[in-house]
Amino acid sequence: IRGLVALRDIKKGDAILDIPYELALDLGVENSDPTLPAVTLLQKYCTYLNSDGSTIDGPYMELLPEYKGRDSLTSTDFFSAEALEKLQ
């Protein structure tokens with residue numbers, strides 16, 4: 001998390017952020033193929049875009065950056081380790 005300062009010592013294992021289970025996004029199981037969770041999230045996003053904004057995910061979806069075209073899909077967040085290595 002960027003831009004935060006702790007006002008007290010944080011010990012290993014201390015929770016610094018609590019997200020209610022029903023509001024958490026399903027990103028799949030660690031080290032598994034993220035395709036299905038990504039498609040599910042995309043479906044929720046499309047539903048939100050085609051609604052009046054009153055979906056359960058509406059408040060979260062409002063925080064997402066505006067889609068600015070195909071160029072915005074090239075975020076290095078989704079590059080494989082091999083692809084990132086080649087960019088170095």
Side-chain angles (χ1 to χ4, degrees):
I1 300 175
R2 297 180 186 185
L4 297 179
V5 175
L7 298 177
R8 63 176 179 80
D9 289 342
I10 301 172
K11 297 179 184 131
K12 185 176 181 177
D14 283 354
I16 60 170
L17 179 68
D18 288 317
I19 300 172
Y21 180 80
E22 60 276 4
L23 297 178
L25 294 174
D26 178 7
L27 300 177
V29 179
E30 188 174 351
N31 296 322
S32 67
D33 184 354
T35 304
L36 183 57
V39 168
T40 302
L41 181 58
L42 182 59
Q43 288 172 330
K44 287 182 178 185
Y45 184 61
C46 290
T47 299
Y48 164 75
L49 290 177
N50 291 310
S51 74
D52 61 1
S54 63
T55 64
I56 192 167
D57 299 311
Y60 171 77
M61 298 299 177
E62 289 173 7
L63 298 173
L64 294 175
E66 180 183 343
Y67 176 69
K68 297 185 188 268
R70 292 182 56 88
D71 289 344
S72 66
L73 300 177
T74 58
S75 168
T76 56
D77 291 345
F78 303 105
F79 286 16
S80 68
E82 180 182 353
L84 289 172
E85 180 73 25
K86 289 178 181 179
L87 289 172
Q88 296 300 324

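Given the structure is predicted, the values throughout are model-derived calculations rather than measurements.
- Remark: K86 engages E82 in a salt bridge (Lys or Arg N to Asp or Glu O under 4.0 Å) (not counting sequence neighbours).
- In this structure, E85 places its CD atom where only 12 or fewer heavy-atom neighbours from other residues, nucleotides or ligands lie under 6.0 Å away.
- The number of heavy-atom neighbours closer than 6.0 Å to CG of L7, taken from other residues, nucleotides and ligands shown, is 12 or below.
- Once rounded to the nearest 0.5 Å, the distance linking OH of Y48 with CG of D57 reads 10.5 Å.
- Once rounded to the nearest 0.5 Å, the distance linking OG1 of T55 with CG of N50 reads 11.0 Å.
- Contacts of P59 classified as side chain to side chain contact (heavy atoms under 4.5 Å, CB included), with partners at least two apart in sequence or in another chain: none.
- The side chain to side chain contact (heavy atoms under 4.5 Å, CB included) test applied to V39 returns T35, Q43, not counting sequence neighbours.
- Qualifying side chain to side chain contact (heavy atoms under 4.5 Å, CB included) partners for L41, counting only residues two or more places apart in sequence or in other chains: L25, M61.
- With sequence neighbours left out, D9 forms a side-chain hydrogen bond (donor to acceptor under 3.5 Å, both in side chains) with no residue at all.
- Under the side chain to side chain contact (heavy atoms under 4.5 Å, CB included) criterion, D14 pairs with R8, I10, K11, not counting sequence neighbours.
- In this structure, I56 places its CD1 atom where only 12 or fewer heavy-atom neighbours from other residues, nucleotides or ligands lie under 6.0 Å away.
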